[in-house]
**Student:** 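Starting off with a structure, shown below.
The basis for the numbers below is simple: all heavy atoms, side chains too, and nothing from hydrogens, waters or symmetry mates. First listed ligand is number 1; within each ligand, the first listed atom is number 1.
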Amino acid sequence: MQAVLYQIVRGMVKKINRRFTLKARPKALPDADHFALEAVDHPDLASGEVRVRALFHALSPWQGQRLKDFANYTKPFEIGELIDGDVLGEVVEAAPGADLAPGQLVTARLGWQDYAVAKADMLTTVTDEFDPTLWLTALSSPGLTAYTALDLLGRSMPGQTMVVTSAAGSVGGYAVQLGKLAGMNVVGVAGGSEKCRYVVEVLGADACIDHQADGYVDALSAALPSGAHQVFDTTGGPTADAVFGNIAKYARVLIVGRTSSNNSDRPDLDPVNMRLLWAREATIQGFSRYSYPERWAFAQERMKELCRENKIHANHNTVNGFENLPQALHDMLAGKFIGKVLVKCEAPL
Ligand SMILES: NC(=O)c1ccc[n+]([C@@H]2O[C@H](COP(=O)([O-])OP(=O)(O)OC[C@H]3O[C@@H](n4cnc5c(N)ncnc54)[C@H](OP(=O)(O)O)[C@@H]3O)[C@@H](O)[C@H]2O)c1
């Protein structure tokens, strides 16, 4: 791997930037064969730009979704396009007019590459009040998505029951905790007994049902004697459909993601239990955090307060090595991890 990092050009050693692009589209889950590892020159900096060395890449299901040629709220990657993604990195070079000094930690959507060039004013600066990884978890998309969806579109009433799918997941894990902080009875849904134990014992849910276990549908019904008053769904597919089969009258259903549907070879299929959503007069609300940029700072401040008060548990897994990004994305989409997945890289300085 080191061989692609440097090139000898007319006797001089020239630094090369590694980047992953899309080579072929997966039918269902992606694997390493769907990506090309390229080595390209470092571009020069223009006025106001900085060079950022990636330290951590955050993985998200939308990256898997954009590999497919399937229209959704984001457009698919083109073949040969850099795989986009959120990065925590350090500024290593700043051009005149860039108001950031080398050494400053920043986050931004800079993609799967060792080094990125960006306008300094497009970057979020990371303060040292929190562990730097929190800026990719609780204080970033996962935490802000759960907070904003529940704050703006949920009606989290004490004593009512909220079901959260992918409850051990990155976004779902914060929804569970925010639901409990709001006084709700929270029932999580997660894949496997280890995840379910985590959702109850660490995140504080009242119960968690294993969607991979035999009898999932019956166990879910048994855990919801009064039905689900609120649903926070990030998976879609049969897992969510079983929840829709148990909604209470006037339930609020927040559709936040579709990992299960998007992972499948039929991402176009929709819930079977739609008739119950009608019969029980549910409110179904699709949510995208990208529609509420004016709320991100507010949500981030509230999440900071909760972190300061130790009321929020932020969890992530670290996978080592830039070259392991494709496999880590596969494993994340397949449900191998609890919480956010961060890939730590060691690009040479
Ligand atoms: N609307 C927005 O603004 C917004 C923002 C961020 C993310 N999202 C969306 O929210 C969803 C979750 O994102 P995330 O980052 O928090 O990912 P995540 O939930 O941490 O990771 C994916 C999880 O999906 C679950 N999964 C995979 N296949 C499944 C299946 N067949 N049935 C049920 N669950 C399955 C797995 O959990 P189990 O092992 O527990 O099954 C896996 O761990 C994604 O669809 C993402 O695109 C939306």
**Student:** Under a 4.5 Å cut-off applied to non-hydrogen side-chain atoms, are Lys304 and Leu134 in contact?
**Tutor:**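 No, their side chains stay 4.5 Å or more apart.
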
**Student:** Could Arg252 and Tyr250 be counted as a cation-pi pair, given that NZ or CZ must be under 6.0 Å from the ring centre and within 45° of the axis?
**Tutor:**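 Verdict for Tyr250: no cation-pi partner in Arg252.
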
**Student:** Go through ligand 1 atom by atom and flag the ones less than 4.0 Å from a non-hydrogen atom of Lys195.
**Tutor:**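 Reading through ligand 1 atom by atom, the close ones are 37 (O), 38 (P), 39 (O), 40 (O), 43 (O).
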
**Student:** Are side-chain heavy atoms of Gln230 and Leu150 found at a separation under 4.5 Å?
**Tutor:**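 With C-beta onward as the side chain, the pair touches.
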
**Student:** I need the atoms of ligand 1 closer than 4.0 Å to a non-hydrogen atom of Thr239, numbered in the order shown.
**Tutor:**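 Under 4.0 Å from Thr239, ligand 1 has these atoms: 32 (N), 33 (C).
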
**Student:** Can you tell me which residue and heavy atom of the protein come closest to atom 7 (C) of ligand 1, and the distance to 0.1 Å?
**Tutor:**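 Ranking protein heavy atoms by distance from atom 7 (C) of ligand 1, first comes Val171 CG2, 3.8 Å.
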
**Student:** Are side-chain heavy atoms of Phe56 and Thr318 found at a separation under 4.5 Å?
**Tutor:**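 Contact flag for Phe56/Thr318 side chains = yes.
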
**Student:** Taking the six-membered ring for Trp, are Phe337 and His316 closer than 6.0 Å centroid to centroid?
**Tutor:**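 Between Phe337 and His316, the centre distance exceeds or equals 6.0 Å.
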
**Student:** Provide the full list of side-chain hydrogen bond (donor to acceptor under 3.5 Å, both in side chains) pairs with a residue in residues 81-101, sequence neighbours left out, each pair given once.
**Tutor:**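 Sorted pair list: Arg51-Glu93, Arg53-Glu90, Asp86-Arg109.
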
**Student:** Going by the atom numbers of ligand 1, which of them fall below 4.0 Å from some non-hydrogen atom of Arg289?
**Tutor:**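 Listed by number with element: 2 (C), 3 (O).
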
**Student:** Scan side-chain atoms only and decide if Arg289 and Ser141 contain a donor-acceptor pair under the 3.5 Å cut-off.
**Tutor:**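 Side-chain D/A pair, Arg289 to Ser141: present.
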
**Student:** Can you pull out the closest protein heavy atom to atom 30 (C) of ligand 1? Residue, atom name and distance to 0.1 Å, please.
**Tutor:**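 Among all protein heavy atoms, the one nearest atom 30 (C) of ligand 1 is Ser260 CB, 3.4 Å.
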
**Student:** In ligand 1, which numbered atoms sit nearer than 4.0 Å to a non-hydrogen atom of Asn263?
**Tutor:**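 That gives atoms 27 (C), 28 (N) of ligand 1.
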
**Student:** Would you say the ring centroid of Phe322 lies under 6.0 angstrom from that of Trp112?
**Tutor:**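 No, too far apart.
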
**Student:** Which residue holds the protein heavy atom closest to atom 48 (C) of ligand 1, what is that atom called, and what is the gap in Å?
**Tutor:**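 Going atom by atom, the protein heavy atom closest to atom 48 (C) of ligand 1 ends up being Val256 O, 2.9 Å.
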
**Student:** Nearest to atom 44 (C) of ligand 1, what protein heavy atom do you find, and at what distance?
**Tutor:**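 Checking every protein heavy atom, the shortest distance to atom 44 (C) of ligand 1 gives Thr259 OG1, 3.2 Å.
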
**Student:** Which residue holds the protein heavy atom closest to atom 5 (C) of ligand 1, what is that atom called, and what is the gap in Å?
**Tutor:**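 Checked against all protein heavy atoms, atom 5 (C) of ligand 1 sits closest to Thr145 OG1, 3.2 Å.
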
**Student:** Taking all atoms of both residues into account, what is the closest heavy-atom pair of Leu329 and Ser60, and its distance?
**Tutor:**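 Minimum heavy-atom separation between Leu329 and Ser60: CD1-O, 4.0 Å.
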
**Student:** Below 3.5 angstrom, do we get any N/O pair linking His211 and ligand 1?
**Tutor:**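 Yes; the residue has a nitrogen or oxygen that sits under 3.5 Å from a nitrogen or oxygen of the ligand.
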
**Student:** Taking the minimum heavy-atom distance to atom 14 (P) of ligand 1, which of Gly169, Pro61, Ala175, Gly339 ranks first?
**Tutor:**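 Nearest heavy atom to atom 14 (P) of ligand 1 lies in Pro61.
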
**Student:** Would you mind telling me if ligand 1 is within reach of the side chain of Lys336, the backbone, both or neither, using heavy atoms under 4.0 Å?
**Tutor:**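 None of Lys336 does.
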
**Student:** Using a strict 4.0 Å cut-off to heavy atoms of Ser141, name the atoms of ligand 1 that fall inside it.
**Tutor:**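 Selected atoms, number and element: 6 (C).
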
**Student:** Can you tell if the side chain of Leu333 reaches within under 4.5 Å of the side chain of Pro61, non-hydrogen atoms only?
**Tutor:**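 They are in side-chain contact.
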
**Student:** What atoms of ligand 1 come closer than 4.0 angstrom to any heavy atom of Phe287?
**Tutor:**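 So the answer, numbered in order with elements, is 1 (N), 2 (C), 3 (O).
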
**Student:** If you group Ile, Leu, Val, Met, Phe, Trp and Tyr by side-chain heavy-atom gaps below 4.5 Å, do Val163 and Val217 land in one group?
**Tutor:**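 Cluster IDs for Val163 and Val217 match.
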
**Student:** Taking heavy atoms and a distance under 4.0 Å, where does Pro238 meet ligand 1: side chain, backbone, both or neither?
**Tutor:**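 It is neither part, as no heavy atom is under 4.0 Å.
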
**Student:** Quick one: does Thr148 get a heavy atom under 4.0 Å from ligand 1?
**Tutor:**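 Contact check Thr148 vs ligand 1: negative.
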
**Student:** Please identify which atoms of ligand 1 are closer than 4.0 Å to at least one heavy atom of Ala190.
**Tutor:**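 Close to Ala190: 40 (O).
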
**Student:** Atom 34 (N) of ligand 1: which protein heavy atom is closest, and how many Å away?
**Tutor:**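 Closest protein heavy atom to atom 34 (N) of ligand 1: Thr235 CG2, 3.4 Å.
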
**Student:** Taking the side chain as every heavy atom from C-beta outward, state whether Gln65 and Phe77 have any atom pair closer than 4.5 Å.
**Tutor:**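 Gln65 does not reach Phe77 side chain to side chain.
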
**Student:** Can you sort out the partners of Asp268 under side chain to side chain contact (heavy atoms under 4.5 Å, CB included), two or more places apart, ordered by chain and number?
**Tutor:**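 Result, side chain to side chain contact (heavy atoms under 4.5 Å, CB included) vs Asp268: Phe70, Arg266.
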
**Student:** Can you list the ligand 1 atoms lying under 4.0 Å from a non-hydrogen atom of Leu333?
**Tutor:**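 So the answer, numbered in order with elements, is 27 (C), 28 (N).
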
**Student:** Indicate whether the side chain of Ser221 and that of Asn246 have a donor and an acceptor atom separated by less than 3.5 Å.
**Tutor:**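 The answer is yes; a qualifying pair exists.
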
**Student:** What part of Ser60 sits under 4.0 Å from ligand 1 if we count only heavy atoms: the side chain, the backbone, both or neither?
**Tutor:**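 For Ser60, no heavy atom sits under 4.0 Å from ligand 1.
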
**Student:** Among Gly64, Ser170, Ala168, which residue places a heavy atom closest to atom 18 (P) of ligand 1?
**Tutor:**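 Ranked by closest heavy atom to atom 18 (P) of ligand 1, first place is Ser170.
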
**Student:** Specify the protein heavy atom at minimum distance from atom 19 (O) of ligand 1: its residue, its atom name, and the distance to 0.1 Å.
**Tutor:**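 Here the nearest protein heavy atom works out to Ser166 OG, 2.6 Å.
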
**Student:** To check your reading of the model: name the closest protein heavy atom to atom 36 (C) of ligand 1, its residue, and the distance in Å.
**Tutor:**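 Checked against all protein heavy atoms, atom 36 (C) of ligand 1 sits closest to Gly335 CA, 3.7 Å.
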
**Student:** Where the closest heavy atom to atom 38 (P) of ligand 1 is concerned, which of Gly191, Ala167, Ala149, Ser288 has it?
**Tutor:**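 That would be Gly191.
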
